Amino acid sequence: MSSSGTLQIVLRNSTNAGALYAHITGTSDAGLFVLSADGHTAYHPASPAQTLTPLGADCAINVGGAGATRAVTIPYVSGGRVWFSKDKPLTFYVNPGPALVEPSALNASDANYGLDWGFAEFTFNRSELYVNVSYVDFVSLPVSLRLENASGKVTSVAGMPADGLERVAAGLTAQGQKDGAGWDKLVVKSAEGGAVLRALSPNSGAVVSPGLLQGYFDKSVDAVWAKYAAEDLTVNTQFKWGDAKGRVDATSGLLDFGENVGRFGKPSTGDIFSCNSGPFSHGDGATDESLNIGARLAAAFNRSTLLINNVQPEGEDVAKYYQAGVTNHYARVCHETTVEGRGYAFPYDDVGPSKGVDQSGFLNDPNPKTLTIGVGAPLE
């Protein structure tokens, strides 16, 4: 159990940029938290009278030029992010609340849109440090993690290689040319020079290009419904509820796991990519058990394994993920590109068999000592 109350984070610039800037944000015991530019002082913005009020303090941590490292210290922070940007710091604003206005990769008028930036996600509390490399929104700057605990044990996630973004963009472009579904439209290029700036996830791509990939999974969903109208689907909740058995009811057309467990309608493509709308939403009638089952269904739809495996997720084989022609090719390309295939590529990428290979690229430890984050290439 973490008892020190602080965590040292070492930031490393492995890019070719003359300067790398970091920003650390989240929620601490004192409310909205932003780490000041000195790398040690907590800044808690007050609630402003107007929206889009400037942050009011210098919170851009200059890591230094190529090859430089810098150590900073944070208190307990939940819902945290360590943001990075090349050459210029990011711009943050504060809305009444106070609520932090974060950089947007989807709004071309955002002050940060044209910058080369990315982030890692973390929560540091009295129980543990949890940190991950996320591609749920987009792929950009490569980020890698190394965690040393109080006993000297070291764990790591290498993330994307130095040319990871270019490789992801090439994979999406090739898939778009192959099936014409629009995967290539997820690649965003710089207005200046046309270099690849980032690769958007399908969720993000649908915001920028409404209708993109709409209906993509429809026929696959129909095939899944037909399969489980004739046989049971077993979902292991990997929790106190154990196995849940479901079948598509001929009258209602719902995938029915029982009145007190959960019933699921056919998800749309948007529901599958987002994992939190339609039958996977957290709205009225959703229970902890039904949300648990929904997470496992959503993961299997993204990986296109429901037609080959009726035992989810304990019967899953990582080697068989994304092998169907219709699948989440963004997630496929991300996992094919990352070192050891690890990194969150959709919201429930942490779902998997208990003894399977981790796909989500996370680290956690109850007694963390030092978290090192490399930007631009995997840590050596």
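Being a predicted model, the structure only gives us computed values, none of them experimental. These values consider heavy atoms only, across backbone and side chains, with no hydrogens, waters or symmetry-generated copies.
Counting all heavy atoms, side chain and backbone alike, Arg247 lies closest to Tyr228 at CG-O, 2.9 Å. Heavy atoms only, all atoms of each residue included: Ser281 and Ala286 are closest at O-CB, 3.8 Å.
Using a 3.5 Å distance cut-off with no hydrogens or angles, the side chains of Ser36 and Thr41 do not pair a donor with an acceptor. Defined by atom type and a distance below 3.5 Å, a donor-acceptor pair is missing between the side-chain atoms of Glu314 and Asn236. For the 3.5 Å distance criterion, the side chains of Ser104 and Asn107 fail to qualify, holding no donor opposite an acceptor. A donor-acceptor pair shorter than 3.5 Å cannot be found between the side chains of Asp184 and Gln177. At a cut-off of 3.5 Å, with distance as the only test, a side-chain donor of Glu316 or Thr305 sits close to an acceptor on the other residue. For Asp350 and Tyr344, the side-chain atoms include at least one donor-acceptor pair closer than 3.5 Å. Ser201 and Asn203 share no donor-acceptor pair across their side chains, judged by distance under 3.5 Å alone.
Taking the six-membered ring wherever Trp is involved, the centroid distance between the rings of Tyr21 and Trp117 does not fall below 6.0 Å. Between Tyr321 and His335, the ring centre distance reaches or exceeds 6.0 Å. Within the 6.0 Å centre-distance limit, the rings of Trp183 and Tyr216 are counted as a close aromatic pair.
Using the six-membered ring where Trp is involved, Phe138 and Phe119 have ring planes that are perpendicular, over 60° apart on the 30 and 60° scheme. By the 30° and 60° cut-offs, the orientation of the rings of Phe264 relative to Phe257 is perpendicular. Ring geometry for Tyr130 against Phe362 counts as parallel: the plane angle stays under 30°, on a 0 to 90° scale with 60° as the upper cut.
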side-chain contact (heavy atoms from CB on, under 4.5 Å) between Val351 and Gln359: does it pass, once the steps are laid out? CA-CA 8 Å; Val351 168; Gln359 296 290 288; over 6 Å; no

Would Ile373 and Val143 count as a side-chain contact (heavy atoms from CB on, under 4.5 Å) here? Give the steps. CA-CA 7 Å; Ile373 306 179; Val143 174; 3.6 Å; yes

Evaluate salt bridge (Lys or Arg N to Asp or Glu O under 4.0 Å) for Asp222 paired with Lys266, printing each intermediate quantity in order. CA-CA 8 Å; Asp222 288 344; Lys266 287 184 178 181; 2.7 Å; yes

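Both Leu7 and Val133 belong to a common hydrophobic cluster when Ile, Leu, Val, Met, Phe, Trp and Tyr are linked at side-chain heavy-atom distances under 4.5 angstrom.
Separation of atoms CG (Leu106) and CG (Asp137) is listed at 7.5 Å; rounding is to 0.5 Å.
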